[in-house]
Protein chains: 2
Amino acid sequence: MFNFAPAFQTYYVMSEFNDKQHEILLVAERLFSEHGFDGTSVRDIAKAANINVAMISYYFGSKEKLLEALIIARIAGLRLQIENLHKEALSPFEKIDKLIELYITRINKNKGMYQIIHFEISSKKREINCESFNEVKRYNLEALRDIIEEGQEKGVFKPNINITLIPPTVMGTFFHFQMNRTFYTELLELDTEEKYDHYIKNDLTKHIQKTIKALLTYEE
Amino acid sequence: MFNFAPAFQTYYVMSEFNDKQHEILLVAERLFSEHGFDGTSVRDIAKAANINVAMISYYFGSKEKLLEALIIARIAGLRLQIENLHKEALSPFEKIDKLIELYITRINKNKGMYQIIHFEISSKKREINCESFNEVKRYNLEALRDIIEEGQEKGVFKPNINITLIPPTVMGTFFHFQMNRTFYTELLELDTEEKYDHYIKNDLTKHIQKTIKALLTYEE
DNA sequence: AACAAAACTAAACAAACGTTTAATTTAAAC
DNA sequence: GTTTAAATTAAACGTTTGTTTAGTTTTGTT
């Protein structure tokens, strides 16, 4: 007689989704990152996920709440795995190299999600809750600060370094390269997916590592 | 009897718009950058520009052609004014400083347009003609290459520098800072527009200048 | 087998979308 | 002052939008 839509799941406190919900989230992530939130209709998602349009409202409440659920579900994966890095007996230079490598691989894996978040937080249309995203950024920044201050105490890194602006340089360089992919693909003749990925893993990562190490040791 | 809509103006060869067309382009630029192309309706534009909805189709043919016209009209302004920089009797270091300052002020003035272009070129929905945009990027890259190679010949810059990846670092750092404006506003307590602009003009610009100069002189 | 809850569907809904139409007003030319 | 083209308008067009409804099928429990 009555239809009980599980809209209560929009609290996500349990954050346990069934297979169908996971599939919807996966499809939505791809389409939102490729065409934007406003450029993707619920029917696009339903068609790509092979489900009925009504299932989106049924499982997530609304299209906007689907976006919310997606962001919350994915942000947890953005925190860097730096726990073991701190304990390892490495030089400050090696730690910087490893941290940047962690940054790049992590961003590279979640580039679709970053695309979505970056558009949404700089958009004045919807106000998404970016507090958990900010928390991740603060956490990653503190990890970087620890490593740099350790290097400064050992005398290998120079003082007077604006540590706050280093993540923007690391991530910004990657994103700008990614954003202008077609341009750099043509310029550097990275005509296959493999060549492109190889360039990111090697040349781009090395460029960023070299840049930050140069900055940390630069005599003004 | 017949209505002759000036749809021929969509060729833009003359690229001469009247006051009303300029106003529409200005409003569309703001709204597209704030809410995205798909997040902005022609009625939003019409209301903000105080004109009738039909005027957009009348003057530009369609909403997509309006975007096209906007991009073509604005891209010309993105080329750096480096003509006189090359002639000036400055050291390679001073030239790098000046070029980066030019980069930042230019991006800062056109950040709305960059927001639009970056979303559109990385979107798989519409295929915009980015050739003129790529041309600007190639031109600016060559200007940078000239300065760096001059410095290398003089022996003040090290060899083996990936020049191609320097613009992504310069622009990427700025854009990432801009993209996460609310986060850095809170972190650095830039609670007024003046403080924020001052931080970009001074701290952020100096950070990028220092970073690139460090990279150019870094002994691996 | 019988029942109830959950999962799923096709259809309908109103609102918003980009665009066009047909008519009117404004502006310029003669 | 008349004529003619351009500028501007309100209304309507057909789609597409996100969401809801009302019903059916599936699933799990007793």
Side-chain angles (χ1 to χ4, degrees), chain A residues 1-11 14 16-25 27-29 31-32 34-71 116 120 123 125-126 128, chain B residues 1-11 14 16-25 27-28 31-32 34-70 116 120 123 125-126 128:
Chain A
M1 194 55 71
F2 296 106
N3 290 337
F4 292 113
F8 62 87
Q9 296 202 356
T10 50
Y11 291 138
M14 59 294 283
E16 279 179 8
F17 299 110
N18 60 38
D19 289 358
K20 216 129 221 173
Q21 287 171 304
H22 274 119
E23 172 69 10
I24 294 172
L25 286 170
V27 169
E29 182 176 4
L31 294 182
F32 285 164
E34 284 178 1
H35 308 130
F37 179 78
D38 291 309
T40 307
S41 72
V42 287
R43 282 171 179 82
D44 292 335
I45 299 170
K47 190 176 281 180
N50 261 310
I51 50 140
N52 190 285
V53 238
M55 296 308 292
I56 290 164
S57 298
Y58 178 72
Y59 274 131
F60 296 95
S62 69
K63 187 191 171 189
E64 274 203 50
K65 281 178 184 168
L66 166 64
L67 173 67
E68 225 175 283
L70 178 63
I71 291 174
I116 296 170
E120 291 303 320
S123 165
K125 221 180 178 194
R126 288 166 291 279
I128 63 159
Chain B
M1 193 55 70
F2 297 106
N3 291 337
F4 292 112
F8 63 87
Q9 295 202 358
T10 51
Y11 292 138
M14 60 294 284
E16 278 180 9
F17 300 110
N18 61 39
D19 289 358
K20 216 129 221 176
Q21 286 171 304
H22 273 121
E23 173 70 9
I24 294 172
L25 286 170
V27 168
L31 294 182
F32 285 164
E34 284 179 359
H35 307 131
F37 179 78
D38 290 310
T40 307
S41 73
V42 288
R43 284 172 177 83
D44 291 336
I45 300 170
K47 189 176 282 180
N50 262 310
I51 50 140
N52 190 284
V53 238
M55 296 308 290
I56 290 164
S57 298
Y58 178 73
Y59 273 131
F60 296 96
S62 69
K63 187 190 172 189
E64 274 203 50
K65 280 179 184 166
L66 166 63
L67 173 67
E68 224 175 284
L70 178 63
I116 296 170
E120 290 305 320
S123 166
K125 221 179 179 197
R126 288 167 291 279
I128 62 161

(message) Measuring from the side chain of A:Met55 (C-beta onward, heavy atoms only), which nucleotide among C:dT21, C:dA7, D:dA7 has the closest atom?
(response) C:dA7
(request) Answer yes or no: is there a side-chain heavy-atom contact under 4.5 Å between A:Phe60 and A:Leu25? (result) yes
(message) At less than 4.0 Å, is any side-chain N or O atom of B:Tyr58 found next to OP1 or OP2 of D:dT8? Yes or no.
(response) no
(message) Using every non-hydrogen atom in the two residues, find where A:Lys65 and A:Ser62 come nearest and quote the distance to one decimal.
(response) N-OG, 3.2 Å
(request) Look at the side-chain N and O atoms of B:Tyr59 and state whether any lies under 4.0 Å from the OP1 or OP2 oxygen of D:dT8. (result) yes
(request) Using whole Å, report how far CZ of B:Phe17 lies from C1' of D:dA6. (result) 18 Å
(message) Counting only side-chain heavy atoms from C-beta out, which of D:dT9, C:dT9, C:dT19 sits nearest to B:Asn52?
(response) D:dT9
(message) List the residues meeting side chain to side chain donor-acceptor pair (under 3.5 Å) with A:Glu23, not counting sequence neighbours, and say none if there are none.
(response) none
(message) Could you measure the distance from the CD atom of B:Glu64 to the CD1 atom of B:Ile128? Nearest 0.5 Å is fine.
(response) 11.0 Å
(message) If the condition is side chain to side chain donor-acceptor pair (under 3.5 Å), which residues does B:Arg126 pass it with, not counting sequence neighbours?
(response) B:Asp38, B:Glu120
(request) Check each residue of residues 34-43 of chain B for a non-hydrogen atom within less than 4.0 Å of any atom in DNA chain C, then write out the ones that pass by number, or none. (result) B:Thr40, B:Ser41, B:Val42, B:Arg43
(request) Send over the distance from B:Leu67 CG to C:dT19 C1', rounded to a whole Å. (result) 17 Å
(request) With B:Tyr59 as reference, evaluate B:Ile24, B:Ile51, B:Leu66 under the side chain to side chain contact (heavy atoms under 4.5 Å, CB included) test and give the passing residue. (result) B:Ile24
(request) Please state how far atom CD1 in A:Ile56 lies from atom C1' in D:dT20, giving the value in whole angstrom units. (result) 14 Å
(message) In whole Å, I'd like the distance from the NZ atom of A:Lys47 to the C1' atom of C:dT9.
(response) 16 Å
(message) Distance check needed: C:dG18 P versus B:Phe60 CZ, whole Å only.
(response) 15 Å
Scan nucleotides 25-29 of chain C against the protein and return all N/O pairs shorter than 3.5 Å with their distances rounded to 0.1 Å.
none

(request) From the options D:dG18, C:dT19, C:dA7, select the nucleotide whose nearest atom is closest to the side chain of A:Lys63. (result) D:dG18
(request) Could you tell me whether a side-chain N or O of B:Glu34 sits under 3.5 Å from a main-chain N or O of B:Leu31, the two making a donor and an acceptor? (result) no
(message) At 10 degrees resolution, what angle do the end axes of the helix from C:dA1-D:dT30 to C:dC30-D:dG1 form when each is taken over five base pairs?
(response) 10°
(message) side chain to side chain contact (heavy atoms under 4.5 Å, CB included), that's the test. Do B:Leu67 and B:Ile116 meet it? Break it down for me.
(response) CA-CA 9 Å; B:Leu67 173 67; B:Ile116 296 170; 3.8 Å; yes
(message) Please report the distance, rounded to the nearest Å, between CG in B:Asp19 and P in D:dA6.
(response) 18 Å
(request) Grab the two heavy atoms, one from A:Ala46 and one from A:Asn52, that are nearest each other, plus how far apart they are. (result) CB-C, 4.1 Å
(request) Ignoring backbone atoms, establish whether A:Ser62 has a side-chain N or O less than 4.0 Å from OP1 or OP2 of D:dT19. (result) yes
(request) Classify the ring geometry between A:Phe17 and A:His22 as parallel (under 30°), tilted (30 to 60°) or perpendicular (over 60°). (result) perpendicular
(request) Answer yes or no: is there a donor N or O on one side and an acceptor on the other, between the side chain of A:Lys125 and the main chain of B:Gly36, under 3.5 Å? (result) no
(request) Measure from CD on B:Glu64 to C1' on C:dG18 and round the result to the nearest Å. (result) 11 Å
(request) Rounded off to whole Å, could you give me the CD1-to-P distance for the A:Ile51 and D:dG18 pair? (result) 13 Å
(message) Test of understanding: with side chain to side chain donor-acceptor pair (under 3.5 Å), list the residues that count as partners of A:Asp44, not counting sequence neighbours.
(response) A:Ser41
